[in-house]
Novice: 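Once you've had a glance at the structure underneath, I'll fire off some questions.
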Amino acid sequence: MISTKKLATSSVVFNSYMNAYVPHKVHISLWQDEFTKTEPLVFVGELVKEGQVIASDSRKICQIHSPVPGIVENFSVITLPNGKTGPCLTIKTGGSFSFLGKPRKKQKWDFLFPDQLIRNIGEKGVINTFYKSKPLAIDLMQQKLRKENRSIFLRLFDLDPTNQTDSFVAKTYTPQILEAMVILAHIIQPSAVYCLYDKSMNLQEDAAAMNTLFNTVPLHFIPVDILKYPRGGTFDLIQLVKRSVKSVENITISRKDLFIDSVTALSVYEAIVLELPSMTRFVSVCGEAMAENKLFKVRIGTPIKNLLAECGGFCAQPSKIIMNGCIYGSAVNNFDTPITKYTKSITILRKKMFDYIPISPCIRCGNCRKICVADLQPDKIFTYHMKKNQFTQTEIQMTLLCSECRLCNMVCPSRLPLFQTISEIKKNAELRYED
Ligand code: SF4
Ligand code: SF4
């Protein structure tokens, strides 16, 4: 475990946000999460309203709504925030807004059956951005099918310490997020709920109010020192809960439980309590090349160049655009890349910040072994894999311990893709050893 001060090269703490300008055109990716590919339900030249369903998968578990009123201009292929390219539709903004600037009334939801709530979450297009983004409705359906005890883990801070979006949302919308937890508990009837929060947050009042709402489900608030890394992966949260909650031996917790972050919880609140489709995101823009760092509430489909312009442009020559954090994110090379539902941050690195270092053979420095939080030997696994050597069953099972923290990659002077290799072996091992 290391101090995040060494990692957070571009992390900025935000205490407020601004609404980004409504763009003149939005480019809506038809792949708003890592798993679902939707089909368009509109045609070129069609007039659409703000909030209208414009694309959907066949099961309606993750619908996409137009974030602006306007006219569908064309279909094309565009660079996405995860570095891939995918289909998108462009809408030219025009006409009156159905949701923007109009206050929403809180709706009663406690008379709804769990299945209806799951359907509403899917129809409002809520995705779970805890780790790899996917429709939350799928997670909820899977939880309902599980026969054993299930728990909910809520992470109120960022997985990647170079991001600040989840922490900001947690501090700004605490009551809404906690109400979302009551909704999720109503849906999946968990044996326990664990809220893991930045220990600098003051949650006492909210925690007391929540304990009365959760009268039958044990609710645990667990403070976390987020200045240490890694802290926010499933493996880390399970370890933190096991260390903090004495009664946990009686309740089985596992990676199959429901894990959500602050941003997802806020989307649940908006979808169920405000009946608001998922059309906006909180996105931070920062980095050494930026004239100003800002946190925006922005419509999905907004090109990132619009946000960079609203920050006053660059103050130094930019060299890389990193989406979603310097540790877990991806580099993109296109300023037209649109904001998607899984976008949390944009970091612009300046040219001088790093030199290109090519991949070279392992020099046996041992850094990866020293830093590995799971006590693995990433160099050995990598070399074995490259030489196509046979792994023993024990060695394959060992990779299941990898917490996917990526620290081995960061400390490797040879820039070897250690995490990527272990993750690939782990994926196969999971298929083989987990039911
Ligand atoms: S192998 Fe790498 S990614 Fe996996 S736990 Fe060890 S340091 Fe982290
Ligand atoms: S950190 Fe990189 S160079 Fe050093 S032992 Fe591990 S794999 Fe080899």
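Treat the numbers as computed from the prediction; the structure is a model and nothing was measured. Whatever order the structure lists them in is the order used to number ligands and atoms, beginning at 1.
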Novice: Would you please name every residue forming a ring pair (Phe, Tyr, Trp, His ring centres under 6.0 Å) with Tyr384, sequence neighbours left out?
Specialist: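 Tyr384 satisfies ring pair (Phe, Tyr, Trp, His ring centres under 6.0 Å) with Phe391 once adjacent residues are dropped.
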
Novice: Could you check atom 3 (S) of ligand 1 against the protein and tell me its nearest heavy-atom contact, residue, atom and distance included?
Specialist: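 Answer for atom 3 (S) of ligand 1: Arg406 N, 3.2 Å.
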
Novice: Examine the side chains of Thr421 and His385 and answer whether a donor and an acceptor come within less than 3.5 Å of each other.
Specialist: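 No, because no side-chain N or O of Thr421 sits under 3.5 Å from a partner of the opposite role on His385.
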
Novice: Fit a plane to each ring of Tyr131 and Tyr328, take the angle between them on a 0 to 90° scale, and name the class: parallel (under 30°), tilted (30 to 60°) or perpendicular (over 60°).
Specialist: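 Perpendicular.
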
Novice: According to ring pair (Phe, Tyr, Trp, His ring centres under 6.0 Å), who are the partners of Tyr342, at least two apart in sequence or on a separate chain?
Specialist: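 Scan of Tyr342 (ring pair (Phe, Tyr, Trp, His ring centres under 6.0 Å), adjacent residues dropped) gives none.
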
Novice: Under the criterion salt bridge (charged side-chain N to carboxylate O under 4.0 Å, His left out), I'd like the reasoning laid out for Lys132 against Asp33: C-alpha separation, chi angles, the key distance, then a yes or no.
Specialist: CA-CA 8 Å; Lys132 287 188 178 151; Asp33 64 75; over 6 Å; no

Novice: Among protein heavy atoms, which sits nearest to atom 1 (S) of ligand 1, and what does the distance come to when rounded to 0.1 Å?
Specialist: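 Result: Ile422 CD1, 3.5 Å.
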
Novice: Counting non-hydrogen protein atoms only, what is the nearest one to atom 5 (S) of ligand 2? Give residue, atom name and distance.
Specialist: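 Residue, atom and distance for the closest contact: Gly366 N, 3.2 Å.
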
Novice: Just need the protein heavy atom nearest to atom 8 (Fe) of ligand 1, so name the residue and atom and give the distance.
Specialist: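 Ranked first by proximity to atom 8 (Fe) of ligand 1 is Cys405 SG, 2.3 Å.
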
Novice: Give me the protein N, O or S atoms that fall under 2.8 Å of atom 2 (Fe) of ligand 2, sorted by chain and residue number.
Specialist: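 You should have found Cys412 SG.
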
Novice: Any pair with a residue in residues 358-376 that passes side-chain hydrogen bond (donor to acceptor under 3.5 Å, both in side chains), sequence neighbours left out, goes on the list, sorted by first then second residue, please.
Specialist: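 Passing the test, one end in residues 358-376: Arg369-Asp379.
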
Novice: Just checking, Arg155 and Phe130: is the charged tip under 6.0 Å from the six-membered ring centre and within 45° of the axis?
Specialist: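 Ring-cation test returns yes.
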
Novice: Which of parallel (below 30°), tilted (30 to 60°) and perpendicular (above 60°) describes Tyr17 and Phe168?
Specialist: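 The rings of Tyr17 and Phe168 stand perpendicular, inter-plane angle above 60°.
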
Novice: To which protein heavy atom is atom 4 (Fe) of ligand 1 closest, and what is the distance rounded to 0.1 Å?
Specialist: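 Minimum-distance protein heavy atom for atom 4 (Fe) of ligand 1 reads Cys402 SG, 2.3 Å.
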
Novice: Does Cys372 put an N, O or S atom under 2.8 Å from atom 6 (Fe) of ligand 1?
Specialist: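 Checking atom 6 (Fe) of ligand 1 against Cys372, an N, O or S atom does fall under 2.8 Å.
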
